[in-house]
Visitor: 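Got a structure here, written out as structure tokens. Questions coming.
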Amino acid sequence: MRHLPTKPSLSLALKDPELTTDTNLNEIAADAPVTVTFKELGLDPKIIQALDDMGYERPTPIQAAAIPFALEGKDVLGIAQTGTGKTGAFTLPTVHKLAKGRARARMPRCLIVCPTRELAAQVAENVELYGKYLKLEMALLIGGVSFAEQDKKLTRGVDVLIATPGRLLDQFERGKILLNGVQTLVVDEADRMLDMGFIPDIERIFEITPFTRQVLFFSATMPNEIKRLVQQFLHQPETVQVARKNMTAKTVTQRIVRLPKSDAKLKRTALRWIIENENVDNGIVFCNRKRDVDIVAKSLTKHGHSAAPIHGDLAQSLRTETLDDFKEGRIKILVASDVAARGLDVPSVSHVFNYDVPSHAEDYVHRIGRTGRAGRKGDTIMMVGRLDEKNYQAILDMIKIEGIDELEIPGIEDFPTEGKMKRGGRNDKGGKGRGRNDRNSGSRGGGRDRNRSHNSGAGQSRPAPKRENLAVEVEATPTLSKAMKDSSRTRKAPAGRKKPEEKKAKAEAPKTEIKTKETKQDTSSRTRKAPAGRQKEKTQTPPKPVETNEVPHNNELTAKKQAARKAPSDRNLDENNMPKDRPRNKPKKAKSDAKKRDAKSPKDAARENAARNERDNSKRSGKRYHDKGQKEDFAGFGDEIPAFFKAQIK
């Protein structure tokens, strides 16, 4: 049995009061001297041979502190910024433990969960390098690629499974993976998973793995949600914290550029000036938005720079190809979103440019951590506009410094700008557009609100209506306004409306009922009463016909006959003045077939159907011939005629 070495002598600090009492805190400085070697840590000789091939002899401070605890089988909580060697801190002890044993089909022995595809691919490369002399099977389970090749490896059995949370849970729910054989669970960049909304998935992964598994939990920062996960799922972990929380590396030179305007074109011009005047071997430009990533990359390419974009909306194959080209030097400038802020391990990145000030102060630490890695020197330049002061001050408070040195660009005030297009049109000469027009010209936009000239609306500006000019004239001439008021008072009410005086007089007058004599002459003009619930329509009574001795014309007689034919007579009307002989449209009661079937039992219905069929058969056979007297039709049958038909013939 291999004897594990004692822990290396490192400067220890007091326990962090924010962490629980069950957590043993070991805080070390980022530049603390490490005298222990990888051989003294007790790693497998084949792993030592792979490290010698890579040129690594001594571990980083976090590796020297975390590897002994991991080899003992304890839970480890690692807190360190990017570029300090966290990947090796959990990869080396994991590969050492997997050197013995064999994997089974669809049952990985070690599970490593990463927030992004790029970080997962980076960890997979490290596992291949450290375990190239060991017979270990490794599978990378990420989205954006075909699952067929991954499924073949899982069927053969893998020792190390590196996956993103979404694809892992998807394949687990389909039954493609069994996690009851996981011995070591590694969670890398936990705070990044919190930002991306993967915390519920991480909780689910903790629940579906065995309770006896070892947990190696690494994060750059420790928000309250991450502390809750540690307290819930880690059992008395050994905490290893490198340097202070949210501190930047000392090997990185930080500078800023003050922008006189918050203009996109001016910012792109300033970025090109910096790249052309600084000694840039290769660099990464970080933008806050994916749209800006594409625009900046296109601008750099247009002006002769070797640049390419990378963000989450691109296909995984294109993202992988772009990263490979950048690592091999075929691309000089990589324009990226925060998807590349973690997981990119390119040791020779000379510059990092923050095209936008990050919205979260923690992202600034991860961005500039892409340079100055493994003890190398690096430069970072951030472009700060007038609208970025709040985020810039938050960064200063986090890294605990008063300010960052400024880089002055001569003639930056004269750099070309996009300018602000007039929102009221396409150009100065006019045209269709949205927004605000000249208020002094008396024109207004095409919006709905005519009182607000700045409302958006399509179409050209139109002159103000005449009534607004009339209102101005009325205010200027008081005599005219008085005449208009008098005319408005004496204006007649529209037809169908009553004056207020008439309404008041009608309300005060007593209600009287006027009965008119019904005669045969006005029966034709009688109107039907409206049904209950409807308001009676106002109808005018026709004038009484004038009796004359003149003989009416034929056309007049025909019209009277048609009117008399259409109008009902008095004797056919009821008390409601409705026709007596009017047909009543009473709804017929629908007889359902179900009631008919329920009226008789099944036996009675079957008996009745049999009798009906027998009667029908008799009608179609001999009885029909007997009625018609066609006895000769049976002459050829002889004795073969049925008895029933013989009786019918007789």
Side-chain angles (χ1 to χ4, degrees), residues 118 252-315 318-341 344 346 348-358 363-364 367-368 370-371 378-388 392 404-421 426-427:
E118 286 73 22
V252 178
T253 303
Q254 306 178 48
R255 289 177 292 175
I256 65 171
V257 174
R258 292 282 185 180
L259 300 176
K261 298 179 182 179
S262 297
D263 187 85
K265 188 172 183 179
L266 185 145
K267 186 184 290 187
R268 292 194 298 269
T269 307
L271 176 63
R272 293 195 302 269
W273 187 94
I274 296 170
I275 295 175
E276 294 169 359
N277 291 272
E278 290 284 327
N279 187 16
V280 180
D281 296 333
N282 59 351
I284 304 176
V285 180
F286 285 104
C287 304
N288 289 347
R289 296 181 296 181
K290 301 174 185 178
R291 182 182 64 181
D292 293 338
V293 171
D294 294 329
I295 294 174
V296 173
K298 185 177 180 181
S299 174
L300 293 175
T301 304
K302 181 179 179 181
H303 289 81
H305 297 281
S306 176
I310 179 173
H311 51 77
D313 289 347
L314 299 178
L318 182 58
R319 291 162 61 177
T320 304
E321 181 182 357
T322 304
L323 284 177
D324 293 340
D325 293 342
F326 180 70
K327 291 179 181 179
E328 295 176 5
R330 290 190 292 268
I331 295 177
K332 183 178 180 181
I333 302 298
L334 182 67
V335 186
S337 61
D338 283 326
V339 71
L344 287 183
V346 184
S348 59
V349 176
S350 62
H351 286 72
V352 168
F353 305 98
N354 283 297
Y355 182 79
D356 297 316
V357 178
D363 293 337
Y364 177 78
R367 288 183 179 183
I368 67 175
R370 299 304 100 198
T371 184
D379 293 313
T380 64
I381 300 175
M382 181 169 59
M383 311 180 76
V384 182
R386 292 181 296 176
L387 301 178
D388 301 325
Y392 174 62
I404 301 176
D405 297 337
E406 296 185 9
L407 173 63
E408 296 183 0
I409 299 178
I412 191 174
E413 295 83 0
D414 301 331
F415 282 179
T417 60
E418 292 180 349
K420 294 184 178 180
M421 296 290 293
R426 295 174 180 171
N427 47 36

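Nothing here was measured: the structure is a model prediction, and the numbers come from that model.
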Visitor: Determine the minimum heavy-atom distance between Ile368 and Val252, stating which atoms define it.
Guide: O-CG2, 4.2 Å

Visitor: Would you list the pairs meeting salt bridge (charged side-chain N to carboxylate O under 4.0 Å, His left out) in which at least one residue belongs to residues 406-415, sequence neighbours left out?
Guide: Arg258-Glu406

Visitor: Among residues at least two apart in sequence or on other chains, which ones pass side chain to side chain donor-acceptor pair (under 3.5 Å) with Ser350?
Guide: none

Visitor: Between Val296, Thr301, Val280, Ile284, which is the residue that forms a side chain to side chain contact (heavy atoms under 4.5 Å, CB included) with Ile333?
Guide: Val280

Visitor: If you look only at pairs with a residue in residues 272-288, which of them pass as a salt bridge (charged side-chain N to carboxylate O under 4.0 Å, His left out), with sequence neighbours excluded?
Guide: Arg255-Glu278

Visitor: Please step through side chain to side chain contact (heavy atoms under 4.5 Å, CB included) for the pair Ile412 and Leu259, ending with a clear verdict.
Guide: CA-CA 8 Å; Ile412 191 174; Leu259 300 176; 3.9 Å; yes

Visitor: On a heavy-atom basis, which atom in Ala297 and which in Ala307 lie closest, and how many Å separate them?
Guide: O-CB, 4.3 Å

Visitor: To the closest 0.5 Å, what do you measure between CZ (Phe415) and NZ (Lys261)?
Guide: 12.5 Å

Visitor: Please enumerate all residues that pass side chain to side chain contact (heavy atoms under 4.5 Å, CB included) together with Pro416, with sequence neighbours excluded.
Guide: Lys265, Thr269

Visitor: Using the test side chain to side chain donor-acceptor pair (under 3.5 Å), find all partners of Asn288 that sit at least two apart in sequence or belong to another chain.
Guide: Arg367

Visitor: Nearest 0.5 Å, what's the CG-CG distance between Asn279 and Asp379?
Guide: 9.0 Å

Visitor: With sequence neighbours left out, what residues match Thr322 under side chain to side chain donor-acceptor pair (under 3.5 Å)?
Guide: none

Visitor: In chain order, what residues pass the ring-ring contact (aromatic ring centres under 6.0 Å, His included) check against Phe353, with sequence neighbours excluded?
Guide: His351

Visitor: Suppose we screen for side chain to side chain contact (heavy atoms under 4.5 Å, CB included). Which residues come up paired with Leu314, at least two apart in sequence or across chains?
Guide: His311, Leu318, Arg319

Visitor: Closest approach of Ala264 and Tyr355, non-hydrogen atoms and distance?
Guide: O-OH, 3.6 Å

Visitor: Over all heavy atoms of both residues, which pair between Pro410 and Trp273 is shortest? Give the atoms and the distance, please.
Guide: CD-CZ2, 3.6 Å

Visitor: Without swapping roles, check the side chain of Thr371 against the backbone of Val349 for a donor-acceptor pair under 3.5 Å.
Guide: yes

Visitor: Please round to the nearest 0.5 Å and tell me the distance separating atom CG of Leu407 and atom OG1 of Thr253.
Guide: 12.0 Å

Visitor: CG/Leu334 to CZ/Arg370 distance, rounded to the nearest 0.5 angstrom?
Guide: 11.5 Å

Visitor: Given Arg268, which partner from the list Glu418, Lys298, Met383 fulfils the side chain to side chain contact (heavy atoms under 4.5 Å, CB included) test?
Guide: Glu418

Visitor: Among residues two or more places apart or on two chains, list those pairs meeting salt bridge (charged side-chain N to carboxylate O under 4.0 Å, His left out) that have a residue in residues 285-295.
Guide: Arg289-Asp292, Lys290-Asp313

Visitor: Quick test of your reading: applying salt bridge (charged side-chain N to carboxylate O under 4.0 Å, His left out), list the pairs with at least one residue in residues 348-358, sequence neighbours left out, ordered by first then second residue.
Guide: Lys267-Asp356

Visitor: Run the side chain to side chain contact (heavy atoms under 4.5 Å, CB included) test against Asp325 and tell me which residues pass, sequence neighbours left out.
Guide: Glu321, Arg330, Ile331

Visitor: Report the C-alpha distance between Asp363 and Phe286 in whole Å, list the side-chain angles of each, state the deciding distance to 0.1 Å, and finish with yes or no for side chain to side chain contact (heavy atoms under 4.5 Å, CB included).
Guide: CA-CA 10 Å; Asp363 293 337; Phe286 285 104; over 6 Å; no

Visitor: Let me confirm one number: the CG-CD1 distance from Leu323 to Ile310, rounded to the nearest 0.5 Å.
Guide: 3.5 Å

Visitor: Return the set of residues passing side chain to side chain contact (heavy atoms under 4.5 Å, CB included) with Ser348 (not counting sequence neighbours), or none when no residue passes.
Guide: Asn282, Val346

Visitor: Which heavy atom of Gln254 sits nearest to which heavy atom of Ile404, and what is that distance?
Guide: O-CG2, 3.3 Å

